[in-house]
Structures are given as C-alpha cells and as structure tokens.
Number of protein chains: 4
Amino acid sequence: MPTDRLDNTRREEILDVAAEIFGKKGYRAATLNDVAKAMGFTRAALYYYFENKQEMLAALSDMAGLHLMTQLDKRLAEDGTTLDKVRGILLDHASAFIRQPRLFSVFQAEVSELPTAARQRLESGERAYIGAIASLLEVGMDEGTFARRPAKPSALAMVGMANSVARWYRPQAGLSAKEVGELIVDLCVGGLTTPSALS
Amino acid sequence: MPTDRLDNTRREEILDVAAEIFGKKGYRAATLNDVAKAMGFTRAALYYYFENKQEMLAALSDMAGLHLMTQLDKRLAEDGTTLDKVRGILLDHASAFIRQPRLFSVFQAEVSELPTAARQRLESGERAYIGAIASLLEVGMDEGTFARRPAKPSALAMVGMANSVARWYRPQAGLSAKEVGELIVDLCVGGLTTPSALS
Amino acid sequence: MPTDRLDNTRREEILDVAAEIFGKKGYRAATLNDVAKAMGFTRAALYYYFENKQEMLAALSDMAGLHLMTQLDKRLAEDGTTLDKVRGILLDHASAFIRQPRLFSVFQAEVSELPTAARQRLESGERAYIGAIASLLEVGMDEGTFARRPAKPSALAMVGMANSVARWYRPQAGLSAKEVGELIVDLCVGGLTTPSALS
Amino acid sequence: MPTDRLDNTRREEILDVAAEIFGKKGYRAATLNDVAKAMGFTRAALYYYFENKQEMLAALSDMAGLHLMTQLDKRLAEDGTTLDKVRGILLDHASAFIRQPRLFSVFQAEVSELPTAARQRLESGERAYIGAIASLLEVGMDEGTFARRPAKPSALAMVGMANSVARWYRPQAGLSAKEVGELIVDLCVGGLTTPSALS
DNA sequence: TATGAATGAGACTTCATTCAT
DNA sequence: GATGAATGAAGTCTCATTCAT
C-alpha cells in the first residue's frame with residue numbers, strides 16, 4: 001500500500017512540526033493553524049491525518065514513551081555490571097532529551113492535556129520505567145556498589161536531572177551533547193565531591 | 001493601615017488559589033472562572049485586584065523568584081565551608097519545591113506565557129541564581145573539594161534535579177519532605193556510589 | 001438651601017468634565033471612570049449627583065438645547081431687519097459651537113444614545129429651532145431680500161455649516177472666533193461669489 | 001478567479017451592512033452580533049473576513065475616503081471655469097452624502113475609533129481634499145469671481161454644509177436628491193440673498 | 001487530499017451599577 | 001459625601017471542529 005506509506009510519512013512530518021510548536025508555545029497555546037501553516041497547508045487538512053488535536057498530542061506522547069522504553073530494554077538486556085547499566089540508561093535518557101528537547105518537553109509538560117487512555121499509557125509506562133531503574137539501584141545497593149538510599153525517589157531524582165537538560169542545554173554553550181550526557185551520568189553516579197573529600 | 005492590609009491579603013489569597021489552579025491545569029487551560037469560583041466570587045471581581053490574567057502569572061513568578069533569591073542570599077551569607085553552602089542551597093531549593101509544588105511548577109513551566117517584562121525578570125534572576133551556584137562550585141573545585149567539572153551545566157543539572165521533586169514528590173509515599181530534601185542533597189553531593197566503589 | 005447650591009455647582013462641574021470627555025471619546029467609549037478620575041474622585045461618587053450615565057448625557061443635551069433656544073429667542077425679539085435677525089442667529093449659533101465645541105458635538109452626535117424623553121425634547125427643540133429660522137427665511141423671501149428657495153432645507157443646511165465649526169475650528173489657525181463666526185454668516189448670506197460675478 | 005470574486009463580494013456585503021448599522025447605532029454601540037445577524041450568520045464568521053471590528057471601520061473609512069478623492073480628482077481634471085469646478089465638487093460631495101448617508105456619517109463621526117494607521121490616512125486625505133478646494137477658491141478670488149475670504153476655513157465650512165445633508169435629508173420631505181444637491185451648491189455659491197439685496 | 005466557509009463553545013475583559021460602610 | 005468591593009450583563013475575539021466541494 002503505497003498510500004499508507006505516504007500517509008505515515010506525512011503523519012510523522014506533522015508530528016515533528018507539532019512537537020516543535022507544542023514545545024515552544026505549549027500545547028494549549030499552540031494553534032492547529034500554527035501547525036498547518038508550518039506544514040504549508042490549512043487547518044482543515046490536518047483532520048485528514050488526525051482525529052483531532054488531542055490525538056496529535058497522544059501520538060507524540062506514545063512516540064516519546066516508546067522511544068524511552070525501547071532504549072531502556074536494550075540496556076537492561078546488555079551484559080555488564082549494574083553500574084554500567086545505570087550509566088547506560090542515564091546516558092540514553094539524557095541523550096534523548098538533548099536530541100529532541102521539544103518532543104520530550106511536551107511529553108513531560110502536557111500530561112494533564114492527554115486524553116485519558118493516553119495518559120494512562122504514559123503513566124504506567126513511567127511507573128515501569130522508574131520501577132526498572134529503581135530495581136537496578138536496589139541490586140546495586142545489595143551488591144555494595146551503591147550507597148543504600150530509597151530506590152524509587154533516587155530513580156525519580158536522577159531521571160529528573162536528566163530530563164532537565166531539555167530545558168537548559170544549548171549546543172552553542174561550549175559542551176557537546178555527548179559531554180553533557182556524560183556530565184549527567186558522572187554527577188548522578190559520583191556526585192560533586194572528589195572521592196577523598198568525603199572520607 | 002487596615003485597608004492596605006486587607007488588599008494585600010485578598011490579593012495573596014487569590015494568588016494562592018491561582019497557583020494551585022494554574023499548577024493543576026496549566027496556565028492556559030485554567031480559567032479565571034476556576035479561580036473566581038474557588039475564591040467564592042465572580043470572574044469580574046478578579047479584575048479589581050489584577051489588571052488581567054497575565055498579571056496574576058507575573059505576580060506568581062515574581063513571588064517565586066524572590067523567594068528563591070532570598071533563600072540563596074541567606075545561605076551565601078552564612079559561615080561554613082563551600083560544601084556546607086552548596087548543601088544548604090540545594091536543601092532550601094528542594095524544600096521550596098516540595099512545600100509549594102504548584103507555585104514552583106507554574107514558575108518553571110509557564111515562562112513562555114509571561115509578559116515580556118516579567119519574563120525578563122525571571123530570566124535574569126535565573127541567570128544570577130545559577131551563576132552564584134556555579135561560582136560556588138568553582139571555588140569548591142579550586143579547593144579540591146569538588147571534582148573538576150563544567151560549573152554552570154553542573155549547577156543547572158543539580159537545580160534540575162531539585163526542581164523535579166515538585167513533579168514527583170508525594171507525602172504519602174513514605175518519605176518526609178525533609179528526607180526527600182536530604183536525598184537530593186546526598187545524591188548531588190555524593191552520587192549513587194559508595195566511596196569505595198569508585199576507587 | 002446652601003446644600004442645593006453646592007450640589008448644583010458640583011453637578012455642573014461634572015457636566016463640564018463629562019462634555020469634554022464624551023466629546024473627545026464619544027459617549028459610549030467614554031467611561032464613568034474617565035469622568036470620575038478627571039474630577040478627582042471615584043466612579044461610585046458620580047451616582048450621588050446623577051442617576052446614571054444616560055442622565056448625564058440628557059442633562060448635557062438639555063443644557064445645550066436650552067442655550068440655543070434662548071439665544072434664538074433673544075434674536076427674534078430684537079428690532080431689526082429680517083437679514084439682521086438671520087445674521088444674528090447664525091452668528092450666535094456658530095459662536096456657541098466655537099466656544100463649547102465638545103458640548104455641542106455631544107449634542108449633535110449622540111442623539112441615538114439619549115433616553116427617549118430627552119431625545120424627544122431634543123428633537124422637538126430642533127424642529128422648533130429650524131422652523132423658526134425657516135419662517136424667517138420665508139419672510140425674507142416674501143420681502144424680496146432672500147432668493148426664493150426651499151426654506152427648511154436651507155435652514156438645515158446653514159445650521160449644518162455653522163455646526164461644522166465645532167469639528168474644524170482651531171484657535172491657533174489664524175482666525176479669531178469672531179472672525180470665523182462672521183465668515184460663516186457671510187458665506188451663508190452672500191455666498192462665495194462677488195455680486196457682479198453672477199449678474 | 002471566481003474565488004477572489006466571491007471573497008470580495010462577501011466582504012463588501014458585510015461592509016454595506018456594517019455601514020448601515022454603525023451609522024444607525026454608532027460604531028461603539030453597534031454589535032458584531034448585529035452585523036452578523038443582519039448578514040444571516042454567526043458573529044464568529046465575521047472574523048473570517050476581517051481581523052476585528054476596527055478593521056471593518058477602517059475599511060469603511062478608506063472606502064469613503066477613496067470615493068471622495070476620486071470624485072474630486074475627476075472634477076479637477078475637467079474643463080470649465082473655476083466656478084464650474086467648485087459647483088461640481090460641492091454637488092458631488094453632497095450627492096455622495098445623500099446617496100450613502102450612513103457610510104459617510106460613520107466616516108465623519110468615528111474618527112476617534114479608527115486604528116492609528118487608518119486615522120492618519122483619513123486625516124491626510126482630508127487635508128488634501130480641503131487643500132484642493134481651498135486652492136480653487138484662491139484661484140477664483142484672484143480671478144475676481146469669488147469674494148476675498150480666508151480660503152481654507154471657507155472650504156471647511158462649505159464642506160461642512162454639504163456633509164450635513166447626511167443627517168437631515170429625507171427623501172419623503174419633498175425634495176429630490178438632485179434638488180438638495182443643487183440647493184447646497186446654490187447656497188454656497190450665491191448665499192441667501194438676492195443679488196440686488198446686497199448692493 | 002485539501003480548502004473555503006462557517007459554527008459553537010468558551011474565554012478574557014470591560015463597565016455601569018449597587019450597597020454597605 | 002464618598003469609597004471599596006463586588007456583580008451581571010454584555011461584548012470581542014479565538015479556536016477546534018465540521019462539511020461540502
């Protein structure tokens with residue numbers, strides 16, 4: 001079905017544009033007109049590709065959620081130490097938020113605007129995501145690699161730090177995307193202090 | 001000045017309610033009707049206290065910004081090691097975001113909705129805030145207390161972690177506000193790992 | 001009754017201010033707040049002196065109408081030729097509109113905003129006013145002083161010309177109020193042309 | 001281009017209706033609902049054709065201004081004596097105000113409601129219009145056809161008389177539009193008096 | 001596929017007006 | 001005499017959405 005092919009391309013183009021615009025102005029403030037104009041056609045045409053505005057948001061949310069989940073699963077399946085896995089997960093997470101800050105901002109910020117089903121998908125995805133990281137942390141604590149701390153809040157806090165790059169990372173500011181990803185990982189894993197400073 | 005008193009009380013009551021509602025639904029989705037109803041009077045009455053909806057947002061933003069700045073200055077003026085100061089700042093920051101999550105969510109999320117003047121105030125405030133923390137980090141690095149890392153991105157990342165509590169902290173979840181504050185501090189300062197794990 | 005005295009003074013001050021503001025912005029666009037602020041007190045205070053906004057307009061209209069009527073009657077009662085009387089009436093009319101352009105603009109422009117009773121007063125006053133002038137014109141035609149033309153439309157047209165000074169007369173523009181009044185009279189009476197030009 | 005055609009037709013239909021309603025009630029008192037209802041559709045539909053209410057007023061103003069300017073230019077380009085030209089201009093002017101009294105009332109009365117750009121267009125147009133007539137008057141004075149009088153105020157006064165017909169002309173009152181136009185011209189040119197009466 | 005045209009719902013805002021103090 | 005506080009009605013404007021073409 002070449003038609004399907006085309007449709008999906010178009011749909012994704014629209015979603016890209018929508019992520020950009022929703023991210024810049026906020027879902028509510030962004031207008032379907034904004035999106036349509038950026039695509040070069042009219043408001044009404046969007047309804048050929050999407051049921052309605054909310055569906056675009058839901059698609060974006062699902063897309064972002066799926067991306068994170070896939071990354072996570074890949075890391076979990078890898079060989080390596082617990083520490084390696086946590087490093088990998090945080091790096092992937094931060095990298096995603098650096099690469100597509102708008103998409104992931106929307107994903108974060110507009111939860112309350114999602115239609116119920118999509119919100120539930122997002123929330124249960126998030127629970128699973130955080131839960132997986134928390135489990136990993138507990139493994140590390142049991143191994144003695146990680147200091148013993150409440151696992152889930154720790155996971156949430158680290159993910160919160162990694163999320164934040166979407167808001168503040170600027171490529172012109174001197175650090176490459178890779179360097180910022182590594183900074184996040186280093187801070188989460190080693191903290192501010194030099195090893196000796198704490199002893 | 002009983003009159004002055006009353007005015008300000010009313011205005012602040014409204015702002016409290018507004019923070020709550022803007023925080024829950026988002027500034028754009030929240031209705032002045034929502035705010036008025038929650039206050040027990042009419043939409044129109046709000047215009048007795050505020051020029052318009054945006055002014056409420058601006059007031060909220062200024063309020064939150066001032067709060068953070070004041071906290072920061074107090075900590076900077078205290079005696080103590082660099083590490084103590086950083087700990088104190090992060091603790092205050094996280095505590096503020098735990099105590100008034102809605103207010104600070106609005107502060108974070110709705111920058112693009114602020115009138116220009118208020119946005120500029122917020123942004124220059126943020127620059128100063130981050131700048132002060134980054135300076136402190138550099139002092140600590142020079143002292144050898146902190147590992148040498150890019151200071152400003154580190155400050156942004158840590159603040160990002162502390163910000164995130166507003167989104168995920170739930171009092172029912174077992175940890176007290178104080179404990180969560182300390183968790184953030186510990187993670188930022190010491191990282192996940194036990195000191196030995198890295199050596 | 002000294003109270004009455006005071007009241008009336010105040011009322012008239014307010015009407016002056018109101019004429020000014022209604023004249024500048026239009027009755028509908030002008031706000032009671034505008035008027036109150038210009039008087040140095042609050043909106044609500046105006047209701048001590050007037051039933052409501054419309055009553056202010058009505059008072060203004062009656063005031064202006066009475067003024068014109070009184071002038072007219074005085075001229076009609078004077079000795080002199082028909083031509084003298086017409087000259088006098090037009091001069092008075094134009095002078096009034098030069099001296100208090102705002103008041104008379106309101107009087108002209110806001111008929112549709114008047115409460116019914118006041119509108120009827122204004123309209124019957126106008127009929128009487130125009131009727132009186134038209135009668136005078138007819139007398140002049142019968143005498144052979146005036147060229148024979150439809151009397152009422154002529155009266156309306158001449159009054160229309162005299163009215164217009166409220167819109168365009170500017171004291172700085174070189175002509176005194178008196179000179180403009182006389183210009184109107186001369187144009188109405190003698191027209192543009194020199195006597196010889198028409199013969 | 002059938003589309004273009006349709007658009008403009010619709011827009012113009014709306015403007016016609018708007019002129020009618022703005023003229024009857026005043027721009028401020030007139031409601032977009034009034035206009036929409038008179039057109040047979042919804043308030044919101046108007047926004048498909050116009051940015052906002054003010055733009056409708058501006059379009060009306062431009063339309064009226066253009067009409068007058070075009071008339072004037074045509075008369076100025078004609079052969080004939082100075083007197084002929086002045087007669088023609090005044091006749092056209094009065095005729096326009098008789099034919100479309102509402103449109104030209106709006107044009108006159110609602111200057112203060114115009115957006116700045118449109119107001120400036122109107123005002124500079126008016127200056128040009130009056131200036132052209134005043135120049136003609138000066139030519140006539142130099143020729144000896146016209147009595148020597150201040151030219152610009154004379155032009156303003158005559159135009160003011162011609163304007164006034166929009167307020168008072170009623171077809172039922174016995175005079176045809178043409179007759180009223182000629183009355184205005186005769187009064188302006190020859191004044192009230194018979195030639196002999198002044199000598 | 002895409003658009004022109006229109007709608008309906010709802011939002012923000014303004015303002016004359018009231019009334020207890 | 002005057003004000004602070006509040007209301008209700010109305011008006012402008014925005015937008016997602018629809019539908020015939």
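Only heavy atoms go into these numbers, but all of them, side chains included; no hydrogens, no water, no symmetry mates. Naming: A, B, ... by sequence-line order, numbering from 1 per chain.
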Does the plane of the ring in D:Tyr49 sit parallel, tilted or perpendicular to the ring in D:Phe41? Use 30° and 60° as the thresholds.
parallel
Rounded distance (Å) that lies between atom C1' of E:dA2 and atom CZ of A:Phe50
16 Å
Atom CG of C:Asp34 to atom C1' of E:dT14: distance rounded to whole Å?
12 Å
Let me know which of A:Leu114, A:Val106, A:Leu66, A:Val111 forms a side-chain contact (heavy atoms from CB on, under 4.5 Å) with A:Ser61.
A:Leu114
Does CD in C:Glu51 sit with more than 12 non-hydrogen atoms of other residues, nucleotides or ligands closer than 6.0 Å?
no
Starting at atom CG of C:Leu46, determine the distance to atom P of F:dT3, rounded to an integer number of angstrom.
9 Å
Residue set satisfying salt bridge (charged side-chain N to carboxylate O under 4.0 Å, His left out) with D:Glu126, at least two apart, ordered chain then number -> none
Between C:Arg11 (CZ) and F:dG1 (C1'), how many Å, whole number?
16 Å
Taking for each residue the nucleotide of DNA chain E bearing the nearest heavy atom, is the 5' side occupied by D:Phe41 or by B:Tyr27?
D:Phe41
Grab the stems for DNA chain F, please: at least three consecutive Watson-Crick or wobble pairs, both distances below 3.5 Å, written as range with range.
E:2-21 with F:2-21
For residues 108-119 of chain B, which residues have at least one heavy atom under 4.0 Å from DNA chain E?
none
Starting from C1' on F:dG1, measure out to CD1 on C:Ile14 and report it in whole angstrom.
11 Å
Interatomic distance, A:Leu57 CG vs F:dA16 C1' [rounded to whole Å]:
14 Å
Atom pair distance, as rounded to whole Å: OH in A:Tyr49 and C1' in F:dT17
18 Å
Are any of C:Tyr48's side-chain N or O atoms less than 4.0 Å away from OP1 or OP2 of F:dA2?
no
Heavy atoms from C-beta onward define the side chain here; which of E:dA2, E:dG8, F:dT7 lies closest to that of D:Thr42?
E:dG8
Option passing side-chain contact (heavy atoms from CB on, under 4.5 Å) with D:Phe107 (candidates D:Leu60, D:Leu68, D:Leu57)
D:Leu68
If the condition is side-chain hydrogen bond (donor to acceptor under 3.5 Å, both in side chains), which residues does D:Asp62 pass it with, not counting sequence neighbours?
D:Arg121
Is the shortest heavy-atom distance from the side chain of A:Met56 to the side chain of A:Leu32 under 4.5 Å?
yes
All N/O contacts under 3.5 Å from nucleotides 13-15 of chain F to the protein, with atom names and distances to one decimal?
from   : atom 1 : to      : atom 2 : distance (Å)
F:dC13 : OP2    : D:Tyr47 : OH     : 2.8
F:dC13 : OP2    : D:Lys53 : N      : 3.0
F:dC13 : O5'    : D:Tyr47 : OH     : 3.2
F:dC13 : N4     : D:Arg43 : NE     : 3.3

Can C:Lys53 be said to sit on top of C:Tyr47's aromatic six-ring, NZ or CZ under 6.0 Å from centre and within 45° of the ring axis?
no
Quick one: A:Asn33 CG to F:dT17 C1', roughly how many Å, whole number?
13 Å
Kindly assign one of parallel, tilted or perpendicular to the pair A:Phe104 and A:His67, based on the angle between their ring planes and the thresholds 30° and 60°.
perpendicular
Residues forming a side-chain hydrogen bond (donor to acceptor under 3.5 Å, both in side chains) with B:Glu113, sequence neighbours excluded:
B:Arg28
Working to the nearest 0.5 angstrom, can you tell me the gap between C:Leu103 CG and C:Glu20 CD?
10.0 Å
